[in-house]
Amino acid sequence: MSSFRRLLGFTMLLSWVVTTLGFVGVAQQVVAQTSSVDAYIATESPAAKAGVLANIGPSGAKCQGAKAGVVIASPSNTNPDYVFTWTRDSSLVFKMLIDQYTLAIDSSASLRTLIDQFVAAEASLQQTSNPSGLISTGGLGEPKFNIDGSAFTGPWGRPQRDGPALRATALITYANWLIKNSNTTFAESTLWPIIKLDLDYVAINWNLTTFDLWEEIDSSSFFTTAVQHRALREGITLANTLGVSSSVTAYPTQADNILCFLQSFWHPSGSMPFMTANTGGGRSGIDANTVLASIHTFDPQAGCDSTTFQPCSDHALANLLAYTQAFRSVYSINANLASTAALATGRYPEDVYMGGNPWYLATFAVAEQLYDALEVWNSQGSLQVTSLSQPFFALFDSSIAPGTFASSTSTFTTLTTAIKAYADSYIALAAKFTPSNGGLAEQYSRDDGSPLSAVDLTWSYASALTVFEARSGTKFASWGAKGLTVSSQCATNAGGNGETIPVTFNVDATTVLGENIYIAGSVNALQDWDADNALLLSSANYPIWSITVNLPANTIVQYKYIRKDGGSVTWESDPNNQFTTNGSGAQTLNDSWR
Ligand code: NOJ
Ligand code: NOJ
């Protein structure tokens, strides 16, 4: 709050100085924008909160039939039909509500009741067997359920492995507050068992392929990996507090492995380096996935650390530049905008889903990353420009050179003032395309900004509330990102978890002339299930087909053999083959085509 007031005070002073000197323009625009953004937030904040509450059962006004504590994604029941409960959406929404409760933004008894109903609803969804499996066989990766709590059995992009991590993070936030407020019993006996199921799932399955948060690409995904890392770290701390660390001894090693793997998504080449969203999928890789990862793993105590992709880190700022600019030529509403004007942004530039328009939650995420960054720069009293982040800072000062600028310098003031105005311009853009009733749909038109796709998207409302909170300087809790490092082996071997071992795959397969046998599987070295790029086996010892591949050590790997004949591609029948690689040495698998 105080940093915001300081900035506002400064902006008014600047306005006076500049006006007096005769340069009206910019500073006055900043002041005008600040007050119009303030005005928008004053009305949109209660509208967004009401929008969230209307979509939560049992008594939300727009979700008839939803069980107590169940969040519907949107009341839209056709084109798209979103009257389901997604673990991701629900967990992000309740993380916001639990933050509001535990930070005393909303201490109402009715909110507490809702949180407890959410806990009960999720505990029961965890136990609901579904097409991803039973609770012990992968069922926690199921992305969505019917709103009465029963399994959704239609075809879907499953599993999605971010859900358990996001749910654990929401519940850990609640547990930490309960412990501080003398209710350790509830945290220990009710919350911990639910949290532990989710974290065990993360610790065991994080290295397996997953559908990304947009439910489209089956590979490894930055957002998923980043939120899994966070959840495990804060889970370890909670286990220590509760005195149950002996039950989670696998977590620290896996958290280190995940953090190592996270580094491999960095895409340093080209004039605008960025964080690649997915290991598969054949797109540019530029994606709101990464901006959402940064804001949802923000740790105000971690400084501008790049290893955990903190909002003010040079990697995350370089990425934000690449992400925002990617939409400049894609949406016609972005045509002819100045370099420091907000751009409408969506999930990723190649998106075609429901018209492939900008998304409110993606546009708000840009502003949120910047407010988070400002919060850290102001509290640490300095800001660093590196060669990596220089192009981002150059948006605001074309002559800026790498260096560290203390808050007493005019460079610090100029940059933070301009970045605050830039962040505000993203809110102003969303404000311009918010209808007068405050409703936030999923998307807004790439041509004229009118709302499109699912109406009253619960996640859109939650994203508005979290960006408003970030702007007002809300102090969020740390999750332990400070000072984390990756092993030197990891740093020099980006893309793996260090050690690899040679694994020989032999498969007995009778083929006809023209047919060949290939392999694809769940890790990078097995092409992340990409059949087009599957690896060809040798038939030198026909009918045994063979290949030796270097795979990460101590890793659960899934794979299948594929039969290809010209254009026709036949996968082995289900289920996937699975094994765990050894810690060292070589390994041989002898299979028969299934
Ligand atoms: C589609 C989005 O891509 C996904 O992230 C979300 O979970 C669902 N819609 C429901 O809102
Ligand atoms: C794609 C393949 O079609 C399928 O057979 C395989 O099981 C999945 N990827 C990975 O789970």
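Atoms within a ligand are numbered from 1 in the order they appear, just like the ligands themselves.
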(message) Set out, in order, the CA-CA distance, both residues' side-chain angles and the distance that settles side chain to side chain donor-acceptor pair (under 3.5 Å) for D212 and S219, then state yes or no.
(response) CA-CA 7 Å; D212 69 319; S219 69; over 6 Å; no
(message) Do L262 and F309 have side chains that approach each other closer than 4.5 Å (heavy atoms only, starting at C-beta)?
(response) no
(request) Using a strict cut-off of less than 4.0 Å between a Lys/Arg side-chain nitrogen and an Asp/Glu carboxylate oxygen, indicate whether D256 and R233 qualify as a salt bridge. (result) yes
(message) Less than 4.0 angstrom from a charged side-chain N to a carboxylate O is my criterion; do E350 and R283 meet it?
(response) no
(request) Show the protein residues that qualify under the rule heavy atom under 4.0 Å from an atom of ligand 1, listing them in chain and number order. (result) A73, Y82, W86, R88, D89, L213, W214, E215, R347, W359, L457, W459
(message) Please tell me whether S132 and E142 have a donor and an acceptor in their side chains that are separated by less than 3.5 angstrom.
(response) yes
(message) Within this structure, what is the CZ-CH2 distance for the pair F223 and W214, rounded to the nearest 0.5 Å?
(response)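 F223 CZ to W214 CH2: 7.5 Å, rounded to 0.5 Å.
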